[in-house]
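Notes to accompany the following structure.
Atoms considered below: every heavy atom in the structure, side chains included; atoms not considered: hydrogens, waters and symmetry mates. A note on names: the letters A, B, ... follow the listed sequences, proteins ahead of strands, and every chain is numbered from 1.
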Amino acid sequence: MMNKIYENKGLQLFFGFLTGIAFGFLLQKGGTTKYDVILGQLRLQDFTVLKIMLAAVIVTMMGVSLLYPKGLIKLHIKPGSVKNSIIGGLIFGIGFATLGYCPGTLAGAVGNGYVDGLLGGVVGIIIGSGLFASMYSVLKRNNILSEDGYSEKSLFDEMDGRSFRYTIPFAVILAVIMLLLEFFGL
Amino acid sequence: MNVFTMVKWSPYVVGALIGVLNIIALLISDKVIGTSTSYARASGMIRKIFDKEYVEKNEFYLKTAPEVDWAFMLVIGIVFGSFISAKLSGDFGIVTVPPMWANEISEGFFLRFVVAMFGGVIIAIGSRWSGGCTSGHGISGTGQLSVLSWIAVCAFFIGGIVTALLIYGI
């Protein structure tokens, strides 16, 4: 039954739009659609972004722990390599701090009224993506974007279906980080 | 007080609800939240207007087709969702230069505009190079315990923190 829903293209576009509305609503209520909140995090002055991410990761991980071993959901793990996650990630970080939004919160910033996000950020991201598309075949030909053994690898596939045995202790560690953030008043 | 008219919710509540949203998306759409690829698709759509043949033969656009998909609608939805939230709480306002930048760097729009555009170009290249962004790797990938996503998100913050400290000083 679900496959029929997944394959209904028009319905899925609508679901994508609804999911986006909910996501954008939450990002704005969290304050992450604002440059000052993002830069506050990167300057280690305001830990809102980290708190949101930790809570989101715990809940996503618990949901996956429950549903994935039962075969009710599929995982979507990105291909790549350790090397490119580090190189690309560091490049991303430089852009993250200079732009002051990430791709998701940028769309939220536009909805929140940030003109620098719309005229600078959105235009810049589209240009940057176009530049990467133009470089892509050269990067590919020189094996710069090659994949390694960690490509598309999830630790959920190493757990023999007993996910909670590993994810509950891990969630506790993440929750302790939250408690420490609160304890130190960050 | 109505929760929807509040300017700010607890970050833990927001984060937990984003997690729930991720699980709902997996269940009803077989998708996880991720946003950066949509900008890449948009770049292809725009380039197609000027050089259709190039886009149709480009290896990247063959893999990342310039078409409207679930995640593209997600990004459009984010703009509306944020707008609705901001309007309900009275937090919507046209801001040309963010307050922190205006107070500590410069009040002029041109400099902020140029730096934001530069940042946009760089973040796009970083997203495509690492395969995702703060939502795709940072929330969805980490929650699915993707090894590469955990590495990428650490790199996002190391690069971001160092750059922020270079821009604003320690």
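- Contacts of B/Leu17 with chain A are made by both backbone and side-chain atoms, with heavy-atom separations under 4.5 Å.
- Ring-centre distance between A/Phe170 and B/Trp150: below the 6.0 Å cut-off.
- Neither the backbone nor the side chain of A/Leu54 comes within less than 4.5 Å of any heavy atom in chain B.
- For a residue to count as touching a neighbouring chain, one of its non-hydrogen atoms must lie under 4.5 Å from one of that chain's; by this rule A/Phe92 touches chain B with backbone and side chain alike.
- For the residue pair B/Tyr12 and A/Glu182, a side-chain donor N or O sits within less than 3.5 Å of a side-chain acceptor on the partner.
- For A/Ala22 against B/Leu21, the heavy-atom pair with the smallest separation is CB-CD1, 3.7 Å.
- Looking at A/Leu118, there are no atoms closer than 4.5 Å to chain B (heavy atoms on both sides), in backbone or side chain.
- Using modelled atom types and a 3.5 Å distance limit, the side chains of B/Arg128 and A/Ser129 yield no donor-acceptor pair.
- In terms of heavy-atom pairs under 4.5 angstrom with chain A, the leader among B/Ser89, B/Ala42, B/Ser127 is B/Ser127.
- Of the two parts of A/Lys140, only the side chain, counted from C-beta on, holds a non-hydrogen atom closer than 4.5 Å to a non-hydrogen atom of chain B.
- Residues A/Ser81 and A/Asn84 have side chains that bring a donor and an acceptor to within less than 3.5 angstrom of each other.
- For a residue to count as touching a neighbouring chain, one of its non-hydrogen atoms must lie under 4.5 Å from one of that chain's; by this rule A/Ile144 touches chain B with the side chain only.
- By number of non-hydrogen pairs under 4.5 angstrom with chain A, the leading residue of B/Leu74, B/Asp30, B/Ile23, B/Asn22 is B/Asp30.
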### Task
Check step by step if salt bridge (charged side-chain N to carboxylate O under 4.0 Å, His left out) holds for B/Glu59 and A/Arg141.
CA-CA 11 Å; B/Glu59 218 179 320; A/Arg141 215 177 307 130; over 6 Å; no
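- Residue A/Met62 does not touch chain B at all, counting heavy-atom pairs closer than 4.5 Å.
- Note: B/Trp9 leads B/Phe109, B/Trp9, B/Tyr61, B/Phe83 in heavy-atom pairs under 4.5 Å with chain A.
- For A/Leu155, the parts sitting under 4.5 Å from any heavy atom of chain B are the backbone and the side chain alike.
- Annotation: side-chain contact (heavy atoms from CB on, under 4.5 Å) contacts of A/Leu27 (sequence neighbours excluded): A/Phe23, A/Thr32, A/Thr33, A/Thr105, B/Ile18, B/Ile78.
- In this structure, chain A has a heavy atom under 4.5 Å from the side chain of B/Ser135, while its backbone stays farther away.
- Residue A/Ile73 touches chain B through its side chain alone, counting heavy-atom pairs closer than 4.5 Å.
- For the residue pair A/Tyr68/A/Asp157, the side-chain donor-acceptor check at 3.5 Å is satisfied.
- Here the options are B/Phe80, B/Phe72, B/Trp70, the test is ring pair (Phe, Tyr, Trp, His ring centres under 6.0 Å), and the partner is A/Phe17; only B/Phe80 passes.
- When A/Ile5, A/Thr19, A/Val64 are compared by the number of non-hydrogen pairs under 4.5 Å with chain B, A/Thr19 comes out ahead.
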